[in-house]
Structures are given as structure tokens and as C-alpha cells.
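Heads up, the thing below is written out as C-alpha cells.
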There are 2 protein chains.
Amino acid sequence: MLTSVDPDVIRALGDPLRLRIVTLLARETLCTTHLVEETGAKQTNLSNHMKVLREAGIVETEPCGRYTYYRLKSEVLAGLSGQFAELAAAARTAAENKRACP
Amino acid sequence: MLTSVDPDVIRALGDPLRLRIVTLLARETLCTTHLVEETGAKQTNLSNHMKVLREAGIVETEPCGRYTYYRLKSEVLAGLSGQFAELAAAARTAAENKRACP
DNA sequence: CGCTGATATCAGCAAGTGGTGATGTGAGAG
DNA sequence: CTCTCACATCACCACTTGCTGATATCAGCG
């Protein structure tokens with residue numbers, strides 16, 4: 001069956017800055033301070049984006065002293081990958097399944 | 001290398017209605033009339049969403065008489081799948097790459 | 001405890017986005 | 001040719017969303 005992709009997760013990844021954050025986090029686990037340096041965004045702004053990513057279930061927080069580290073949940077990304085792969089596979093065969101004009 | 005995912009493509013897929021359209025198109029090639037029936041959306045609204053999907057390079061149009069059929073570009077979805085797979089793979093090893101607190 | 005630095009939250013504003021009705025365009029039927 | 005139907009575009013409104021400054025919270029240090 002075509003597992004339905006969760007629009008909220010995709011939505012969260014649709015923002016350029018958040019996508020950049022995800023790409024950074026795919027390389028190393030970072031805390032907010034690092035992300036502020038790397039992206040040049042204001043702390044407030046970044047905290048908002050992290051909240052979106054957190055609520056979408058894309059990242060997990062890990063407190064470390066007075067720093068909070070963000071870690072990517074690779075299962076979520078892997079799930080997305082699989083769902084898009086399914087869609088792509090289905091799309092390859094859909095070209096012949098053309099429904100007749102009404 | 002981590003191929004950077006195109007935010008515009010993801011953005012286009014982030015809307016619930018568009019995601020539903022894509023899921024429908026993954027099964028069969030349909031024209032706007034069919035999509036209006038299936039989704040219950042107004043024709044104008046649907047036309048707008050199809051424009052977004054078209055400009056994001058996710059679908060192709062194929063005129064057939066006075067009907068226009070929409071076909072999913074499976075390569076794009078496959079590309080997304082691959083890029084998310086890369087991100088997921090990188091994220092799996094990123095847990096140990098924790099940058100020191102500043 | 002009081003201070004400092006790291007984060008999160010809140011309020012407000014500007015810009016982007018989706019939905020809808022009116023209208024334009026173009027192909028096929030009569 | 002004219003009418004109809006499929007589809008696209010335009011104009012407008014409502015809502016959402018991102019960004020920012022101000023403020024709250026909370027951990028560690030002296």
C-alpha cells in the first residue's frame with residue numbers, strides 16, 4: 001500500500017533555513033549556539049525553527065549542562081526516503097494507467 | 001557528498017492537498033476533471049496547485065484533446081528518496097560526532 | 001544567593017500562501 | 001460560426017508564517 005507521507009514532516013523540511021539545519025545536523029550533533037554561528041540567524045529565530053523541527057518529530061533534544069544538543073532522528077528521514085521510493089516506483093508504472101476522459 | 005535537497009520541491013509537497021494529488025497521480029495518470037472529482041476541490045483552486053507542482057518540476061502536462069493530463073515525474077521522487085536516504089545514513093553516524101560545547 | 005550565559009516563549013509586524021469568484025482562452029461538437 | 005466545456009489567469013480577502021525585540025526560565029559559577 002502507498003504509505004501516506006505526513007505533510008507536517010515535509011512542511012517542516014520545506015523551509016530553507018530548517019533544511020540547512022537538518023543538513024548540518026546530519027553531519028554532527030550540535031547545540032543551539034553552534035547553529036546560531038553556522039547559520040548566522042538570530043537565537044530567537046533559530047529557537048522557533050528548532051521548535052518546529054522538534055514538534056514534527058524530526059529532531060530530539062539532549063540537554064548537556066546548560067546547553068541543549070539537537071540530534072536528527074534518522075528513522076524519520078529513512079521513512080521519508082522509503083515513502084518517496086514507493087511513490088517513485090508507483091509513478092513509474094502509472095504512465096500506462098491513464099484513466100479515460102470523462 | 002550530501003546532495004542538498006531543493007527546498008522548493010519539498011515545499012510544493014508540503015501542502016496536504018498537493019500531497020494527495022501526488023498520491024493519486026502515483027496510481028494513474030489523470031486530468032484536471034478527474035482530480036476535481038477525487039479531491040472535491042474547486043477547479044480554480046486545483047489549477048493553482050497544479051501550477052505549483054508544475055513549476056516545482058514534479059509533474060508534467062500532456063494535452064489530450066481539450067483535456068490536459070498530469071503525469072508524475074518519477075525521477076524527481078526517486079531523487080528525493082535518494083537524498084533523504086543519504087541524510088538518514090549521515091544522521092546515523094552523526095550521533096557520535098558531537099561538537100564540543102563552546 | 002546573585003550574576004551570567006544559554007534557551008525558550010511571547011507579542012507584534014510584514015510578507016507569503018491558500019481559497020474563491022470573475023474572467024480569459026482554446027478545442028471540439030453541433 | 002457559435003456554443004459549450006476544460007482549463008488557466010487575475011484580483012481580492014483571510015489566514016498563516018517567518019522574523020524581531022522584549023522577556024521569562026534555568027543551569028552553573030563565584
Side-chain angles (χ1 to χ4, degrees), chain A residues 6-25 28-72 98-102, chain B residues 6-25 28-72 98-102:
Chain A
D6 185 0
D8 294 332
V9 176
I10 304 187
R11 230 184 158 81
L13 293 172
D15 184 84
L17 181 50
R18 284 197 290 266
L19 197 53
R20 187 152 166 231
I21 293 171
V22 167
T23 310
L24 287 171
L25 288 179
E28 27 178 11
T29 300
L30 300 168
C31 67
T32 313
T33 312
H34 293 133
L35 290 170
V36 168
E37 292 175 5
E38 294 282 346
T39 62
K42 302 256 162 125
Q43 180 265 323
T44 301
N45 187 13
L46 218 115
S47 192
N48 280 329
H49 285 296
M50 295 322 290
K51 182 179 183 181
V52 174
L53 288 175
R54 205 185 320 133
E55 290 179 345
I58 299 173
V59 302
E60 278 176 342
T61 63
E62 181 190 336
C64 168
R66 52 180 173 168
Y67 305 92
T68 43
Y69 277 85
Y70 288 97
R71 194 159 37 78
L72 268 190
K98 185 184 290 187
R99 191 187 291 188
C101 303
Chain B
D6 185 0
D8 294 332
V9 176
I10 303 188
R11 231 183 155 81
L13 292 172
D15 185 84
L17 180 51
R18 285 197 289 267
L19 198 53
R20 188 155 166 227
I21 293 171
V22 168
T23 309
L24 288 171
L25 287 180
E28 26 178 11
T29 300
L30 300 169
C31 67
T32 312
T33 312
H34 293 134
L35 290 171
V36 169
E37 292 174 4
E38 294 282 346
T39 62
K42 303 256 162 122
Q43 181 264 323
T44 300
N45 187 12
L46 219 113
S47 192
N48 281 331
H49 284 296
M50 295 322 290
K51 183 179 182 180
V52 175
L53 289 175
R54 206 185 319 131
E55 289 180 346
I58 299 175
V59 301
E60 278 175 342
T61 62
E62 181 191 337
C64 169
R66 54 180 171 165
Y67 304 92
T68 44
Y69 277 84
Y70 287 98
R71 194 157 38 78
L72 268 190
K98 186 185 289 186
R99 192 187 290 189
C101 302

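Reckoned from all heavy atoms, side chains included, excluding hydrogens, waters and symmetry mates.
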Under-4.0 Å side-chain N/O to phosphate OP1/OP2 contact, [X] with [N]:
X	N	value
R11(A)	dT17(D)	yes
T68(B)	dC7(D)	yes
K51(A)	dA8(C)	no
Y70(A)	dA8(C)	yes
H49(B)	dG19(C)	yes
R66(A)	dT25(D)	no
R18(A)	dG18(D)	yes

Students often get this wrong, so: under 4.0 angstrom with heavy atoms, is [X] touching a base, only sugar-phosphate, or nothing?
X	result
T33(A)	sugar-phosphate
T32(B)	sugar-phosphate
Y69(B)	nothing

Hey, does Y70(A) have a side-chain heavy atom less than 4.5 Å from the side chain of T61(A)?
->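 Touching, per the 4.5 Å side-chain cut-off.
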Contact check, side chains of R18(B) and P7(A), non-hydrogen atoms, under 4.5 Å | no
Heavy-atom donor-acceptor pair, T44(A) side-chain to dA22(D) base, under 3.5 Å | yes
For the base of dA8(D), is there a side-chain donor-acceptor partner from Q43(B) under 3.5 Å away?
-> yes
Measure [atom1]/[X] against [atom2]/[N] and give the value in whole Å, please.
X	N	atom1	atom2	answer
D15(A)	dG16(C)	CG	P	13 Å
N48(A)	dC19(D)	CG	P	9 Å
E62(A)	dA6(C)	CD	P	18 Å
L46(B)	dG21(C)	CG	C1'	16 Å
I21(B)	dG18(C)	CD1	C1'	12 Å
Y67(B)	dA29(C)	OH	C1'	11 Å
E37(A)	dA6(C)	CD	C1'	13 Å
E55(B)	dT17(C)	CD	C1'	14 Å

Straight-line distance of Y67(B) OH to L30(B) CG, nearest 0.5 Å |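 Between atom OH of Y67(B) and atom CG of L30(B) there are 13.5 Å.
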For the atom pair CZ (R66(B)) and OG1 (T33(B)), what is the distance rounded to the nearest 0.5 Å?
->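 If we round to the nearest 0.5 Å, R66(B):CZ and T33(B):OG1 are 9.0 Å apart.
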Checking side-chain contact (heavy atoms from CB on, under 4.5 Å) against H49(B), which of L53(B), L46(B), N45(B) comes through?
-> N45(B)
Proximal nucleotide (of dC7(D), dA6(D), dT20(C)) relative to the N45(B) side chain = dT20(C)
Can you see which heavy atom on A12(B) is nearest to which on V52(B), and at what distance?
->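 The answer is CB-CG1, 4.0 Å.
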